[in-house]
Participant: 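Would you mind keeping the following structure in view while I ask a few things?
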Amino acid sequence: QVQLVESGGGLVQAGGSLRLACVASGSILRINAMGWYRQAPGKERELVAAITSGGSTNYAGSVKGRFTISRDNAKNTVYLQMNGLKPEDTAVYYCNADLIYNSGTYYISDKYWGQGTQVTVSS
């Protein structure tokens, strides 16, 4: 009933830029926080950036000053602008949304994940 779909990943040289987008669809009543996480091979998934419904943001120290998270509440979409990419940014990037949706019987609060999009930065 709820789906998150990411786009915008790819292969880029060090120093380059990419813009990720994640669209949430379904019988959504409200989206609270949205965020981007990443997982590199052999490592745990980590928070990259998060944004509240009011626009407050939080960044991992390793991306602060290079990445910018934003959202369009009317489109249920969150973006991640990534500049100055480094090889260590290589990972699968996942979108996450804390939302309330209509199941048809109840309103349910839950967290959803997208399927992930690969970002590869070559040196």
Side-chain angles (χ1 to χ4, degrees):
Q1 287 161 322
V2 174
Q3 191 175 17
L4 271 61
V5 178
E6 300 109 332
S7 62
L11 173 64
V12 64
Q13 290 188 333
S17 298
L18 284 173
R19 189 188 194 211
L20 306 183
C22 171
V23 181
S25 62
S27 302
I28 297 170
L29 176 66
R30 173 187 171 87
I31 301 178
N32 297 316
M34 301 185 81
W36 289 95
Y37 290 71
R38 67 186 180 188
Q39 187 167 19
K43 295 188 176 181
E44 293 186 354
R45 190 173 297 189
E46 63 175 358
L47 175 68
V48 176
I51 185 168
T52 68
S53 57
S56 297
T57 59
N58 181 41
Y59 295 93
S62 60
V63 306
K64 199 171 292 185
R66 298 188 298 124
F67 291 9
T68 302
I69 188 171
S70 62
R71 62 190 283 176
D72 184 333
N73 291 329
K75 296 181 179 180
N76 287 344
T77 301
V78 63
Y79 304 96
L80 186 67
Q81 177 67 44
M82 304 185 293
N83 299 328
L85 283 161
K86 304 176 181 180
E88 50 263 43
D89 294 318
T90 295
V92 177
Y93 283 70
Y94 297 91
C95 171
N96 177 270
D98 182 359
L99 56 83
I100 301 171
Y101 72 95
N102 186 350
S103 72
T105 304
Y106 304 104
Y107 286 109
I108 298 175
S109 177
D110 207 346
K111 294 183 179 181
Y112 279 82
W113 292 92
Q115 81 287 352
T117 185
Q118 177 69 47
V119 172
T120 303
V121 185
S122 62
S123 57

Participant: What verdict does the side chain to side chain contact (heavy atoms under 4.5 Å, CB included) test give for Arg30 and Ser53, after you've listed the backbone C-alpha separation in whole Å, the side-chain angles of each residue and the deciding distance to 0.1 Å?
Facilitator: CA-CA 9 Å; Arg30 173 187 171 87; Ser53 57; 3.5 Å; yes
Participant: Residues two or more places apart in sequence or in another chain: which of them pass side-chain contact (heavy atoms from CB on, under 4.5 Å) with Ala50?
Facilitator: Leu47
Participant: Within this structure, what is the CD-OG distance for the pair Gln13 and Ser123, rounded to the nearest 0.5 Å?
Facilitator: 9.5 Å
Participant: Do you know which two heavy atoms are closest between Gln118 and Ala91, and how far apart they sit?
Facilitator: NE2-O, 3.4 Å
Participant: Can you list every ring pair (Phe, Tyr, Trp, His ring centres under 6.0 Å) pair that touches residues 97-123, not counting sequence neighbours?
Facilitator: Tyr37-Trp113, Tyr101-Tyr112
Participant: Would you mind reporting whether Met82 and Val12 have side-chain heavy atoms less than 4.5 Å apart?
Facilitator: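 Val12 vs Met82: side chains apart.
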Participant: If Ile, Leu, Val, Met, Phe, Trp and Tyr residues are connected whenever their side-chain heavy atoms lie under 4.5 Å apart, and connections chain through other members, are Leu99 and Ile108 in the same group?
Facilitator: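 Per the 4.5 Å side-chain linkage, Leu99 and Ile108 are co-clustered.
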Participant: Taking Leu80 as the starting point, is it possible to reach Val92 by hopping between hydrophobic residues whose side chains are less than 4.5 Å apart?
Facilitator: no
Participant: Test Trp36 against every option in Val78, Ile51, Val63 by the side-chain contact (heavy atoms from CB on, under 4.5 Å) rule and name the one that passes.
Facilitator: Val78
Participant: Evaluate the side-chain proximity of Arg38 to Asp89: yes if any heavy-atom separation is below 4.5 Å, no if none is.
Facilitator: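 Of all side-chain heavy-atom pairs linking Arg38 with Asp89, at least one is under 4.5 Å.
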Participant: Residues in salt bridge (charged side-chain N to carboxylate O under 4.0 Å, His left out) with Arg71, at least two apart?
Facilitator: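 With neighbours one apart ignored, the set is empty.
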Participant: Go through it in stages, so that I can follow the logic: the residues are Gln81 and Ser70, the test is side chain to side chain contact (heavy atoms under 4.5 Å, CB included), and I'd like the CA-CA distance, side-chain angles, deciding distance and then a yes or no.
Facilitator: CA-CA 8 Å; Gln81 177 67 44; Ser70 62; over 6 Å; no
Participant: Start with the C-alpha gap between Ser17 and Asn83, add the side-chain angles, then the distance that decides, and say whether side-chain hydrogen bond (donor to acceptor under 3.5 Å, both in side chains) holds.
Facilitator: CA-CA 4 Å; Ser17 298; Asn83 299 328; 2.9 Å; yes
Participant: Sub-3.5 Å donor-acceptor pair from the side chain of Thr117 to the main-chain atoms of Tyr93, do we have one?
Facilitator: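 Looks like no, no N/O pair under 3.5 Å.
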Participant: Could you walk me through whether Leu20 and Glu6 pass the side chain to side chain contact (heavy atoms under 4.5 Å, CB included) check?
Facilitator: CA-CA 7 Å; Leu20 306 183; Glu6 300 109 332; over 6 Å; no
Participant: Filter on disulfide bond (SG atoms under 2.5 Å apart), then keep only pairs touching residues 11-59, sequence neighbours left out; what's left?
Facilitator: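 Checked against disulfide bond (SG atoms under 2.5 Å apart) - neighbours excluded - the pairs reaching residues 11-59 are Cys22-Cys95.
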Participant: Could you list the residues that satisfy side-chain contact (heavy atoms from CB on, under 4.5 Å) with Ser25, not counting sequence neighbours?
Facilitator: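 In terms of side-chain contact (heavy atoms from CB on, under 4.5 Å), with neighbours along the sequence ignored, Ser25 is linked to Gln3.
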Participant: Of all the heavy-atom pairs spanning Leu18 and Gly8, show the shortest one and how long it is.
Facilitator: CD2-O, 3.8 Å
Participant: Where is the tightest heavy-atom contact between Ile28 and Asn76, given as atom of each residue plus distance?
Facilitator: CD1-ND2, 4.1 Å
Participant: Take Asn73 and Ile31 through the side chain to side chain contact (heavy atoms under 4.5 Å, CB included) test and state the conclusion after the steps.
Facilitator: CA-CA 8 Å; Asn73 291 329; Ile31 301 178; over 6 Å; no
Participant: Determine whether Tyr94 and Leu4 fall in the same hydrophobic cluster, where Ile, Leu, Val, Met, Phe, Trp and Tyr are linked whenever their side-chain heavy atoms lie under 4.5 Å apart.
Facilitator: no
Participant: Does any non-hydrogen side-chain atom of Leu29 lie less than 4.5 Å from one of Asn102?
Facilitator: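 When only atoms from C-beta onward are counted, Leu29 and Asn102 do not touch, as no gap falls below 4.5 Å.
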Participant: Taking ring pair (Phe, Tyr, Trp, His ring centres under 6.0 Å) as the cut-off, I'd like each qualifying pair that reaches into residues 69-90, sequence neighbours left out, listed once.
Facilitator: none
